[in-house]
Amino acid sequence: MSHDDREKWQHKYRRGAYAGRRHPASYLQQQLPALTPPCKRALDLACGAGRNALYLAGQGYHVDAVDIAREGLQRGRAAAMEDTLAGIQWHEQDLDDGLPAALTGYGLILMIRYLDIDLLRAVCRRLQPGGYILAEVHLQSDSPVAGPSSNDFRAAPGALADVAADLDIIDCWEGITADPDGKDVALARLLARLPVA
């Protein structure tokens, strides 16, 4: 991301953006109980203020939460302290620069409402055998839906399934649904597992 993008997100969090959004992604809540990861280590990409990382920590996961916006990470740290949740490491990182080599060996990797198809394909190599990728991104749509106005920030139809070509796909869905706040959103969702050799 550019310096301007970083500052845009810093400014949003300073102004209180997403302050009321402490609930985890509904797709994560729906799918997590059925998962049997090889370990309870998770990577939350573009975690923002950490709503999904906090949820996973509450379920016993050790989480590496990564985001470009220091303000969002600070909000996540504060929420973890408030909820007395241990086991979250907060990493300030521009995902356009990739991930540190030490961030590997996961049972679960999340990419929620952030789009980087190349990164998603690359992080599959950071899973342990039997580990899961869970992704939910905005989908290109001609319908009037909430979310990014530019298709640069929306996945093309079939993009997530393409990423998972070498994985065992458990769930892959594209369509329009209502967000918890009642707004219609066009989403692509993927749950896939790295085969055990």
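Scope of the values below: all heavy atoms of this structure, side chains included, with no hydrogens, waters or symmetry mates.
Within the 4.5 Å cutoff, the side chain of D67 has no heavy atoms near those of the L45 side chain. Contact annotation: the side chain of Y132 never approaches that of L190 to less than 4.5 Å [non-hydrogen atoms, C-beta and beyond]. The side-chain heavy atoms of Q29 and Y55, taken from C-beta on, include a pair separated by under 4.5 Å. Residues Y27 and D171 have side chains in contact (heavy-atom distance under 4.5 Å, counting atoms from C-beta outward). Under the 4.5 Å side-chain criterion, counting only non-hydrogen atoms from C-beta, I133 is in contact with L127. The closest side-chain heavy-atom distance from L32 to Y61 is below 4.5 Å.
Taken together through direct or relayed side-chain contacts under 4.5 Å among Ile, Leu, Val, Met, Phe, Trp and Tyr, L56 and L191 form part of one hydrophobic cluster. L95 and L43 end up in the same hydrophobic cluster when Ile, Leu, Val, Met, Phe, Trp and Tyr side chains are linked at under 4.5 Å. Taken together through direct or relayed side-chain contacts under 4.5 Å among Ile, Leu, Val, Met, Phe, Trp and Tyr, M111 and L187 form parts of separate hydrophobic clusters. Both V66 and L120 sit in one connected hydrophobic cluster of ILVMFWY residues. Membership requires side-chain heavy atoms under 4.5 Å apart, directly or through other members. Cluster membership for I117 and L139, using ILVMFWY side-chain heavy atoms within less than 4.5 angstrom, is not shared.
No donor-acceptor distance shorter than 3.5 angstrom exists from the side chain of Q89 to the backbone of D64, with no hydrogens or angles considered. Remark: side-chain polar atoms of R193 are not paired, donor with acceptor, to backbone N or O of D168 under 3.5 angstrom. Side chain of D181 to backbone of K183: a donor-acceptor contact under 3.5 angstrom is found. A donor-acceptor contact shorter than 3.5 Å is absent between the side chain of R126 and the backbone of T104.
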Could you go step by step and tell me if Q93 and I68 meet the side-chain contact (heavy atoms from CB on, under 4.5 Å) rule? CA-CA 5 Å; Q93 176 76 23; I68 194 172; over 6 Å; no
Verdict with supporting geometry, D96 and L119, side-chain contact (heavy atoms from CB on, under 4.5 Å): CA-CA 8 Å; D96 284 351; L119 176 64; over 6 Å; no
I'd like to know whether I112 forms a side-chain contact (heavy atoms from CB on, under 4.5 Å) with Y114, so could you lay out the CA-CA distance, the side-chain angles of the two residues, the decisive distance to 0.1 Å, and finally the verdict. CA-CA 6 Å; I112 305 289; Y114 171 76; over 6 Å; no
Show, in sequence, the C-alpha distance, side-chain angles and deciding distance for L167 and C124, and conclude whether the side-chain contact (heavy atoms from CB on, under 4.5 Å) test is met. CA-CA 9 Å; L167 305 178; C124 292; 3.8 Å; yes
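In this structure, OG on S26 lies 7.5 Å from NE2 on H23, to the nearest 0.5 angstrom. The line from CG of L108 to CD of Q31 is 11.0 Å long, rounded to the nearest 0.5 Å. Between the CG atom in L54 and the CZ atom in R77 there is a gap of 12.0 Å [rounded to 0.5 Å]. In this structure, R189 CZ and E174 CD are separated by 11.5 Å, a value rounded to the nearest 0.5 Å. Here the NE2-CG distance, from H91 to D44, works out to 11.0 Å after rounding to the nearest 0.5 Å. One finds the CZ atom of R51 at 12.0 Å from the CZ atom of R75 (value rounded to the nearest 0.5 Å).
Residues forming a side-chain contact (heavy atoms from CB on, under 4.5 Å) with D162 (at least two apart in sequence, or on another chain): R121.
Figure legend: R41 and Y106 shown as a cation-pi pair, the cationic atom lying under 6.0 angstrom from the six-membered ring centre and within 45 degrees of its axis.
Here V145 is tied into one hydrophobic group with I176, each link being a pair of ILVMFWY side chains closer than 4.5 Å.
Results of the side-chain contact (heavy atoms from CB on, under 4.5 Å) test with L134 over N52, I170, L28 single out L28 as the only residue that passes.
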